K.L.:
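Can you read through this structure? Questions will come right after.
Chain A is the first sequence line, chain B the second, and so forth, proteins listed ahead of strands; every chain is numbered from 1. Here the structure is a predicted model, which means the values were calculated and not measured.
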2 protein chains.
Amino acid sequence: MTQENFKSPLLTVDSVLFTIKDNSLKILLLKRKNSPFQNSWALPGGFIDVDKDGSAEDTACRKLTDKTGVTPPYLEQLNTFSSKSRDPRGWSASIAYFALIAHEETNLDVTPRNDESAQWVDVESLMDETANYQPLAFDHQQIFQFALERLKQKALYSMLPVFCLPKEFTLGEYHTLIEIILGKSIQKKTLYRRFEASNMFEETGETLATGARAAMLYRLKEDAELVNFERNLG
Amino acid sequence: MTQENFKSPLLTVDSVLFTIKDNSLKILLLKRKNSPFQNSWALPGGFIDVDKDGSAEDTACRKLTDKTGVTPPYLEQLNTFSSKSRDPRGWSASIAYFALIAHEETNLDVTPRNDESAQWVDVESLMDETANYQPLAFDHQQIFQFALERLKQKALYSMLPVFCLPKEFTLGEYHTLIEIILGKSIQKKTLYRRFEASNMFEETGETLATGARAAMLYRLKEDAELVNFERNLG
DNA sequence: GACAAATAGTGTCTCAAGGACAATTATCTA
DNA sequence: TAGATAATTGTCCTTGAGACACTATTTGTC
């Protein structure tokens with residue numbers, strides 16, 4: 001039995017790229033220019049180019065770099081969504097990725113698209129299926145929700161969300177970020193303890209003043225490895 | 001730009017099916033009858049049948065049911081492995097699944113294949129790349145390792161491994177199972193506390209004697225939901 | 001039937017890390 | 001310089017895992 005006996009499914013790659021901007025969690029959405037779902041908003045992604053891409057991760061990376069101008073500092077595979085009905089063109093599968101970036105590092109702030117084809121969209125507004133940007137193309141709403149769950153879960157037991165922040169950041173910014181992701185208040189002390197215990201960061205020596213006492217700036221250490229804690233935050 | 005511009009990658013589904021048998025953790029392997037990797041051992045899987053399968057999970061399920069005679073009580077998606085080089089036939093992706101079953105529930109004990117085309121293979125022997133069954137077809141060694149890591153990880157914070165046990169089992173069997181999966185000794189007390197706290201199980205009323213004092217038999221409750229604990233085992 | 005062997009299951013103390021929250025420190029503004 | 005504001009630290013409480021010894025139940029032997 002060889003693969004020639006089978007009609008081949010469509011295979012695509014889509015990414016959920018998170019950032020923190022204006023005190024809210026956002027993802028990157030693009031307005032589709034072509035059918036199907038023309039003019040709907042969709043996750044950045046597309047078909048694998050078997051000549052350009054060595055793996056699906058290369059495809060995800062290539063598409064994101066195309067849109068943002070930079071390679072996101074964190075990218076992991078999320079899940080593959082497949083069914084006979086998710087794409088009107090036929091049986092299809094999408095390998096979904098989950099990525100984090102500081103919006104300041106992208107070129108989306110500097111050169112906003114005139115045609116508004118690419119937007120940072122507030123996660124809150126995507127929870128309401130009747131709001132702007134809805135409905136998303138394909139099963140992208142489901143993919144987005146899956147990614148959001150993963151982000152929330154990982155925020156409970158790792159420092160992963162720091163990749164939403166710029167290269168240099170303060171503990172206060174991290175604290176705010178975690179509270180926004182989890183949607184509830186977290187003790188500063190707890191985060192500070194983990195921050196210290198992770199041993200992933202170093203002081204830059206600089207401080208950042210946001211109106212009151214200046215806060216120490218930190219950056220990822222060169223050789224930092226993402227640490228998983230033994231317990232979840234409550 | 002439509003998908004017609006692209007050569008389409010091959011898309012397959014493979015599963016790592018774990019069980020506990022003869023006091024060791026094993027996975028199901030099949031001997032390949034066809035090229036490529038003819039006569040190598042491989043994970044159960046194959047091409048998606050776009051007519052039969054509504055989703056990739058259906059494919060995984062169908063292939064496993066074909067081989068074992070039953071649907072595994074636990075099946076989740078693991079990861080999709082893709083590259084231009086993992087299959088000599090060309091650019092390919094395999095959606096890998098991770099499944100658990102009690103070997104007693106399958107028909108593999110009752111009707112062992114005469115041609116030895118399907119075997120429960122000891123996980124230990126797969127860690128040694130020079131042993132029997134090696135090397136596995138494609139990147140199945142990597143997929144297997146990924147699955148094993150996932151199983152170990154989940155054993156630390158959930159009761160997931162119970163799906164390797166028969167429908168009725170004792171706490172002692174569960175204890176042994178966990179120690180085998182994690183490869184180290186775990187306090188009975190700790191597991192018993194979690195077992196109780198999970199609220200997933202009920203006494204059958206029967207007991208099972210294994211040579212000394214008889215142990216209470218438990219089964220999954222009808223409406224049991226898999227619980228995640230807040231802390232990992234050490 | 002008494003008792004030894006073996007495994008099942010419990011009691012209880014210790015310890016590590018998160019939660020609460022108050023106290024202290026540094027910086028800005030008026 | 002005082003007051004406001006936010007950063008950072010100190011300390012006690014609580015929860016659940018780890019250690020480990022103790023009790024309970026069944027089987028087999030004499």
K.L.:
Nearest heavy atom decides the nucleotide; on that basis, is B:Leu233 or B:Thr207 closer to the 5' end of DNA chain D?
P.N.:
B:Leu233

K.L.:
For the residue pair B:Ser83 and B:Arg86, what are the closest heavy atoms and their distance?
P.N.:
OG-N, 3.0 Å

K.L.:
Specify the residues of residues 149-167 of chain B, ordered by number, for which at least one heavy atom lies under 4.0 angstrom from an atom of DNA chain C.
P.N.:
none

K.L.:
Can you check whether any acceptor in the base of C:dA16 is under 3.5 Å from a donor in the side chain of A:Arg231, or vice versa?
P.N.:
yes

K.L.:
B:Tyr174 OH to C:dA8 P: how many Å, rounded?
P.N.:
16 Å

K.L.:
Do B:Phe18 and B:Tyr74 make the cut of ring centroids closer than 6.0 angstrom?
P.N.:
no

K.L.:
My understanding is that only residues two or more places apart in sequence, or in another chain, count here; which of them pass salt bridge (charged side-chain N to carboxylate O under 4.0 Å, His left out) with B:Glu57?
P.N.:
none

K.L.:
Whole angstrom is fine here: how far is it from CG in B:Asn232 over to P in C:dC15?
P.N.:
22 Å

K.L.:
Between atom CE in A:Met216 and atom P in D:dT8, what is the gap in whole Å?
P.N.:
7 Å

K.L.:
Between atom CZ in B:Arg194 and atom C1' in C:dG9, what is the gap in whole Å?
P.N.:
19 Å

K.L.:
Counting only side-chain N and O atoms of B:Arg213, is one of them less than 4.0 Å from OP1 or OP2 of C:dG9?
P.N.:
no

K.L.:
Could you list the donor-acceptor pairs under 3.5 angstrom formed by side chains in residues 215-223 of chain A, with sequence neighbours left out?
P.N.:
residue	atom	partner	partner atom	Å
A:Arg219	NH1	A:Glu202	OE2	3.0
A:Lys221	NZ	A:Asn199	O	3.4
A:Lys221	NZ	A:Asn199	OD1	2.8

K.L.:
Indicate, with a heavy-atom threshold strictly under 4.0 Å, whether B:Arg193 touches base, sugar-phosphate, or nothing.
P.N.:
base

K.L.:
Centroid separation under 6.0 Å, is that true for the rings of B:Phe81 and B:Phe138?
P.N.:
no

K.L.:
Measuring from atom NZ of A:Lys63 to atom OG1 of A:Thr12, what distance do you get when rounded to the nearest 0.5 angstrom?
P.N.:
10.0 Å

K.L.:
Please report, rounded to the nearest Å, how far the P atom of C:dA8 is from the CG atom of B:Leu217.
P.N.:
12 Å

K.L.:
Once ring-ring contact (aromatic ring centres under 6.0 Å, His included) is applied, do any residues pair with A:Trp41, and if so which ones, sequence neighbours excluded?
P.N.:
A:Tyr133

K.L.:
Rounded to whole Å, please give me the gap between CD1 in B:Ile178 and P in D:dG18.
P.N.:
12 Å

K.L.:
A:Phe229 or B:Leu171: which one's nearest nucleotide on DNA chain C is closer to the 5' end?
P.N.:
B:Leu171

K.L.:
Rounded to whole Å, how long is the line connecting atom NE2 of A:His175 with atom P of D:dA6?
P.N.:
13 Å

K.L.:
For the residue pair B:Asn79 and B:Phe98, establish whether any side-chain heavy-atom pair is separated by less than 4.5 Å.
P.N.:
no

K.L.:
Please tabulate, one pair per line, all N/O donor-acceptor pairs under 3.5 Å involving side-chain atoms of residues 147-162 of chain A, not counting sequence neighbours.
P.N.:
residue	atom	partner	partner atom	Å
A:Arg150	NE	A:Glu76	OE2	2.8
A:Arg150	NH2	A:Glu76	OE2	3.2
A:Arg150	NH2	A:Gln77	O	2.8
A:Arg150	NH2	A:Leu78	O	3.4
A:Lys154	NZ	A:Glu76	OE1	2.8
A:Ser158	OG	A:Lys154	O	2.9
A:Ser158	OG	A:Leu160	N	3.1

K.L.:
Using a cut-off of strictly less than 4.0 Å between a heavy atom of the residue and any atom of DNA chain C, enumerate the qualifying residues of residues 180-192 of chain A by number.
P.N.:
A:Gln187, A:Lys189, A:Thr190

